[in-house]
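For reference, the structure discussed in these notes is given below.
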Amino acid sequence: MDAQILAERAESEPSGDQFRKNASKLDKSVGPSGARRRRYRTIWISDIHLGTRGCNCELLLDFLDHVDSETLYLVGDIIDGWRLKKRFYWPERHNAIVRRMMKRAKHGTRVVYIPGNHDEMFRQFAGMNFGGVEIRKKAIHTTADGRRLLVLHGDEFDAIMLAHRWLAFVGDWAYEALMRLNLVVNWARRRLGLPYWSLSKVAKHKVKNAVEFISRFEETVAHEAQRLKVDGVVCGHIHTADQRQFGDITYYNDGDWVEGCTALVEHQCGRMEILHWADEIAARQTRKAARSPAKPLQAAA
């Protein structure tokens, strides 16, 4: 009888993961994983591509559930209008991402949305405010240590976008095919208990032309920041998170949530950092495994 009572009690009690999720609802300083939420002065994210299967919504939801900020910049290509025109795809998880962003604006976070080329249909609303979300073509952000940063998506400095728009659409089709392969690869890796790995990110850094394009893009954007007499620039567009120095100009790219799953953050002191969220989750799981007591070996019958 005692064994039966204990079994019933175990079934009625929440699991460790469920307990942490319930705790996070009561204590807003704790995320669903049980880890404490991080507080930053500013967060920049871009190239989410909601409306496509390539959007890594699970990692982004985990990120949004574990960080807070005074200001959130959405630096373009948040919604993929190009893809939605061809085929509608919008799962509930994409609604969940939008709800979390709108909830931040409602609760006092300054949310600034700077549309990119894939969500260019929203550029016509620049200067307006919807539900607490400011829509801008570009912005100037002043860091805690007094530096002025130009914030824009960056497609206006993409030579292919400017000169051969049709080629950009062809490239978008090829990129989607690569992302579909990326999904298959990571499905297999999950089955094997392996962490997230970006096939397209590795391919991009192996192809000489892609490396040269990225380098030219970074130099061009930095030159624009110099022309405007600011101290640095934050952009997205090329799905490559980076921080580089071009003379007196500091170039930042916040990456994407399709390949790299990265964000750029500003600490309260003004220090900037690129977060690679797949690595953050892997480190969290390692710490959790280290804290868990080893299960005793059962004696053979």
Side-chain angles (χ1 to χ4, degrees), residues 20-51 55-80 90-116 118-119 122 125-144 149 151-153 234-236 241 252 254-258 261-268 270 272-277 280-281 284:
R20 284 187 288 271
K21 289 181 180 179
N22 292 339
S24 71
K25 293 179 181 178
L26 298 174
D27 184 357
K28 298 303 181 182
S29 66
V30 177
S33 70
R36 296 197 69 80
R37 294 177 71 100
R38 305 181 192 179
R39 179 76 179 177
Y40 298 105
R41 186 171 185 266
T42 315
I43 296 174
W44 290 265
I45 56 176
S46 73
D47 299 271
I48 299 173
H49 292 273
L50 294 173
C55 169
N56 210 316
C57 46
E58 288 84 1
L59 265 69
L60 180 54
L61 285 169
D62 186 270
F63 172 78
L64 293 173
D65 287 343
H66 287 86
V67 298
D68 291 301
S69 63
E70 298 169 22
T71 304
L72 170 65
Y73 285 98
L74 305 173
V75 195
D77 287 0
I78 306 303
I79 297 172
D80 198 321
W90 195 272
E92 175 55 32
R93 292 186 301 276
H94 291 199
N95 276 334
I97 290 170
V98 174
R99 283 196 298 268
R100 279 164 171 77
M101 293 175 178
M102 299 302 294
K103 187 176 181 180
R104 285 169 187 254
K106 180 180 179 182
H107 288 269
T109 299
R110 184 190 177 207
V111 180
V112 182
Y113 176 27
I114 300 173
H118 283 260
D119 48 11
F122 294 111
F125 302 113
M128 302 180 71
N129 185 306
F130 291 96
V133 177
E134 305 171 27
I135 302 179
R136 301 285 184 268
K137 288 185 178 179
K138 60 181 68 174
I140 299 291
H141 173 79
T142 303
T143 63
L149 304 178
V151 185
L152 40 69
H153 180 64
V234 179
C235 63
Y252 301 98
D254 60 22
D256 68 283
W257 288 89
V258 176
C261 300
T262 55
L264 176 68
V265 298
E266 178 195 1
H267 292 265
Q268 297 298 333
M272 306 286 277
E273 180 184 5
I274 295 172
L275 300 179
H276 296 263
W277 203 248
E280 298 285 342
I281 291 177
R284 185 200 305 159

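Hydrogens, waters and symmetry mates are skipped; everything else that's a heavy atom, side chains included, is used.
Put simply, the side chain of Thr42 reaches to within 4.5 Å of the side chain of Tyr73, judged on heavy atoms. Between Ile97 and Leu61 there is a side-chain heavy-atom pair separated by less than 4.5 Å. By the 4.5 Å heavy-atom criterion applied to side chains, Thr71 and Glu266 are not counted as neighbours. Inter-residue side-chain proximity for Leu275 and Tyr40 is flagged as met; some heavy-atom pair is nearer than 4.5 Å. Between Val75 and Ile45, the closest side-chain pair of non-hydrogen atoms is not below 4.5 Å. Annotation: side chain of Asp77 is in contact with side chain of His153 (closest heavy-atom distance under 4.5 Å). Inter-residue side-chain proximity for Arg37 and Ser29 is flagged as unmet; no heavy-atom pair is nearer than 4.5 Å. By the 4.5 Å heavy-atom criterion applied to side chains, Met101 and Leu74 are counted as neighbours.
Closest approach of Val265 to Trp44, counting heavy atoms only: C-CZ3, 4.2 Å. Contact detail for Ser46 and Gly236: the closest heavy-atom pair is OG-CA, 3.6 Å. The heavy-atom pair separating Thr262 from Ala241 by the smallest distance is OG1-CB, 3.5 Å. Nearest heavy atom pair, residue Gly270 against residue Ala144, reads N-CB, 3.7 Å.
Between Ile281 atom CD1 and His66 atom NE2 the span is 8.0 Å, to the nearest 0.5 Å. Separating the SG atom in Cys235 from the CG atom in Leu149 is a distance of 11.5 Å, to the nearest 0.5 Å. Atoms CE and CG, from Met272 and Asp254 in turn, are 9.5 Å apart once rounded to the nearest 0.5 Å.
Sorted by first and then second residue, the salt bridge (charged side-chain N to carboxylate O under 4.0 Å, His left out) pairs with a member in residues 90-100 read Glu58-Arg93, Asp65-Arg100, Glu92-Arg99; sequence neighbours excluded.
With sequence neighbours excluded, the residues forming a side chain to side chain contact (heavy atoms under 4.5 Å, CB included) with Phe130 are Phe125, Met128, Ile135, listed by chain and number. Scanning for side chain to side chain contact (heavy atoms under 4.5 Å, CB included) contacts around Ala126 gives Lys137, with sequence neighbours left out. Partners of Tyr252 under the ring-ring contact (aromatic ring centres under 6.0 Å, His included) rule, at least two apart in sequence or in another chain, do not exist in this structure. Glu280 meets the salt bridge (Lys or Arg N to Asp or Glu O under 4.0 Å) test with Arg38; sequence neighbours excluded. Taking the salt bridge (Lys or Arg N to Asp or Glu O under 4.0 Å) definition, one finds that Glu70 meets it with nothing, sequence neighbours left out. Annotation: salt bridge (Lys or Arg N to Asp or Glu O under 4.0 Å) contacts of Arg104 (sequence neighbours excluded): none. Residues satisfying the side-chain hydrogen bond (donor to acceptor under 3.5 Å, both in side chains) criterion with Asn56, sequence neighbours excluded, are absent altogether. Scored by the ring-ring contact (aromatic ring centres under 6.0 Å, His included) test, His94 finds Tyr89, Trp90 as partners (sequence neighbours excluded). With sequence neighbours left out, Asn129 forms a side-chain hydrogen bond (donor to acceptor under 3.5 Å, both in side chains) with no residue at all. With sequence neighbours excluded, the residues forming a ring-ring contact (aromatic ring centres under 6.0 Å, His included) with Phe63 are Trp257, Trp277, listed by chain and number. Residues passing the salt bridge (Lys or Arg N to Asp or Glu O under 4.0 Å) test with Arg39, sequence neighbours excluded: none.
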Dump the intermediate steps for side-chain contact (heavy atoms from CB on, under 4.5 Å) on Leu72 and Arg110, then the final yes or no.
-> CA-CA 6 Å; Leu72 170 65; Arg110 184 190 177 207; over 6 Å; no
Go through the steps for Ile43 and Leu264 under the test side-chain contact (heavy atoms from CB on, under 4.5 Å), then give the verdict.
-> CA-CA 6 Å; Ile43 296 174; Leu264 176 68; over 6 Å; no
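A side-chain contact (heavy atoms from CB on, under 4.5 Å) with Cys55 holds for exactly one of Asp47, Asp80, Leu50; it is Leu50.
A donor-acceptor pair under 3.5 Å links the side-chain atoms of Thr109 to the main chain of Ser69, judged by distance alone.
A salt bridge does not link Arg41 to Asp68: none of the charged side-chain nitrogens sits closer than 4.0 Å to a carboxylate oxygen.
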